[in-house]
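Reminder, nothing fancy here: chain letters follow the sequence lines and each chain counts from 1.
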Number of protein chains: 2
Amino acid sequence: MSDFAGDAEERLRQHDYRLTSARRQVIAVLAGSDRALSPYGILEAIAGSGTPPDVVTVYRVLDLLESLHLVHRVHSMNGYVACTRLSADGCHHPLICTRCGRIAEVRGEAFAHAVERMSADGWEVTGHVLELSGLCPACREAEQT
Amino acid sequence: MSDFAGDAEERLRQHDYRLTSARRQVIAVLAGSDRALSPYGILEAIAGSGTPPDVVTVYRVLDLLESLHLVHRVHSMNGYVACTRLSADGCHHPLICTRCGRIAEVRGEAFAHAVERMSADGWEVTGHVLELSGLCPACREAEQT
DNA sequence: CTTTCTGCAAAAGGTTTGCAGTTAG
DNA sequence: CTAACTGCAAACCTTTTGCAGAAAG
């Protein structure tokens with residue numbers, strides 16, 4: 001159980017970013033949520049306990065947090081999760097409930113084994129996406145300019 | 001080198017869908033492209049060699065092809081690839097060039113090994129996304145209604 | 001012919017940008 | 001104070017929906 005809010009605020013300070021109210025609010029929501037939240041979902045969550053910032057600001061805060069590797073973007077939905085809820089090694093392998101968006105972390109390397117473990121934890125794994133990214137031979141060539 | 005266009009048209013016929021001009025055009029573009037194409041990218045490609053259909057129609061055709069498992073949606077960008085360019089087993093693991101969108105298939109089960117193989121083929125793998133999906137314990141519970 | 005499919009128009013979201021005013025440090 | 005940040009408004013782009021006309025079989 002790591003302290004995402006604390007970590008995030010410290011990281012912002014380290015990079016000379018200001019600790020504004022909007023940033024604190026977004027961080028607090030992500031720290032307290034066990035599911036991936038879209039920008040608008042974050043807004044709603046904030047609205048439940050105070051005056052929320054503008055959507056635009058939420059987008060900007062998320063971009064910032066992502067650039068600092070504090071949040072992970074879930075591409076198959078439009079959501080964001082606090083990185084502390086995922087493996088610390090930078091390789092994020094979330095398991096996402098297709099109904100409620102709740103997120104669990106897939107630990108370990110071996111894929112089939114990981115699925116078994118999640119099943120043991122009560123999840124029903126019905127699908128997955130594995131997408132690598134990088135540069136194709138042609139673009140690496142073009143790189144050499 | 002499989003014949004995507006032929007396979008797709010046959011599958012449409014089998015399911016009593018009509019072989020319209022728009023469907024043929026979209027299928028032809030996907031069959032001829034080695035990269036993931038967005039709906040608008042498909043339009044542009046068609047425009048290069050004829051009168052394109054409406055964007056709306058492209059969306060509808062892609063939905064149809066996806067429902068028949070003829071195309072695979074690339075979630076990390078908004079693109080679609082012909083399934084014949086990916087593994088036939090239904091588990092699609094594309095490797096996508098972050099610059100030009102060119103797609104290669106990641107064959108095999110062992111993840112680290114697959115990365116090595118792509119490297120041997122001249123690709124530079126810089127990142128990946130692995131997302132499982134399914135139902136969390138709470139939602140499985142709710143299922144029992 | 002009849003049902004399916006398409007195009008057009010319009011709306012609905014999500015996301016981005018510019019700029020003037022506010023605020024953290 | 002001053003640079004960084006936010007809110008507002010507007011633009012932009014993607015995607016969806018409804019309906020009347022076109023076309024496949």
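Pro39(A) is listed as a side-chain neighbour of Tyr80(A), based on a closest heavy-atom distance under 4.5 Å. Two residues are said to be in side-chain contact when any heavy atoms from C-beta on lie closer than 4.5 Å; Leu62(A) and Leu30(A) meet this criterion. Using a 4.5 Å heavy-atom threshold, the side chains of Pro94(A) and Glu105(A) count as separate. Here the side chains of Val55(B) and Leu43(B) are in contact, with some heavy-atom distance below 4.5 Å.
Partners of Arg13(A) under the salt bridge (Lys or Arg N to Asp or Glu O under 4.0 Å) rule, at least two apart in sequence or in another chain, do not exist in this structure. Not counting sequence neighbours, the partners of Phe111(A) by the ring-ring contact (aromatic ring centres under 6.0 Å, His included) test are His128(A).
Whole-Å rounding puts the His75(A) NE2 to dT15(C) P distance at 13 Å. As a whole-Å value, the separation of His15(A) NE2 from dA3(D) P is 22 Å. What separates CZ of Arg13(B) from C1' of dA24(D) is a distance of 13 Å, to the nearest Å. Between the P atom of dT15(C) and the CD atom of Glu66(A) lies a distance of 12 Å, rounded to the nearest Å. If you measure from atom CG of Leu19(A) to atom C1' of dC5(D), you get 12 Å, rounded to the nearest angstrom. Atom pair Leu37(A):CG and dG14(C):P shows a separation of 14 Å (rounding to whole Å applied). Distance Leu12(B) CG to dA24(D) P: 14 Å, rounded to the nearest Å. Regarding Asp16(A), its CG atom lies at a distance of 11 Å from the P atom of dG25(C), rounded to whole Å.
Listed by first and then second residue, the ring pair (Phe, Tyr, Trp, His ring centres under 6.0 Å) pairs that reach into residues 23-78 of chain B are His72(B)-His92(B), sequence neighbours excluded.
Within a 6.0 Å radius of CZ in Arg11(A), more than 12 heavy atoms belonging to other residues, nucleotides or ligands are found.
Axis deviation across the helix from dC1(C)-dG25(D) to dG25(C)-dC1(D) amounts to 40°, comparing end segments of five pairs, rounded to 10 degrees.
Nearer the 5' end of DNA chain D, as judged by each residue's closest nucleotide, is the contact made by Arg73(B), out of Tyr17(B) and Arg73(B).
Members clustered with Val56(A): none, using a 4.5 Å side-chain heavy-atom cutoff among hydrophobic residues.
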A correct 5'-to-3' footprint of nucleotides 6-14 of chain D, with B, S and - meaning base, sugar-phosphate only and no protein heavy atom under 4.0 Å, is SBBB----B
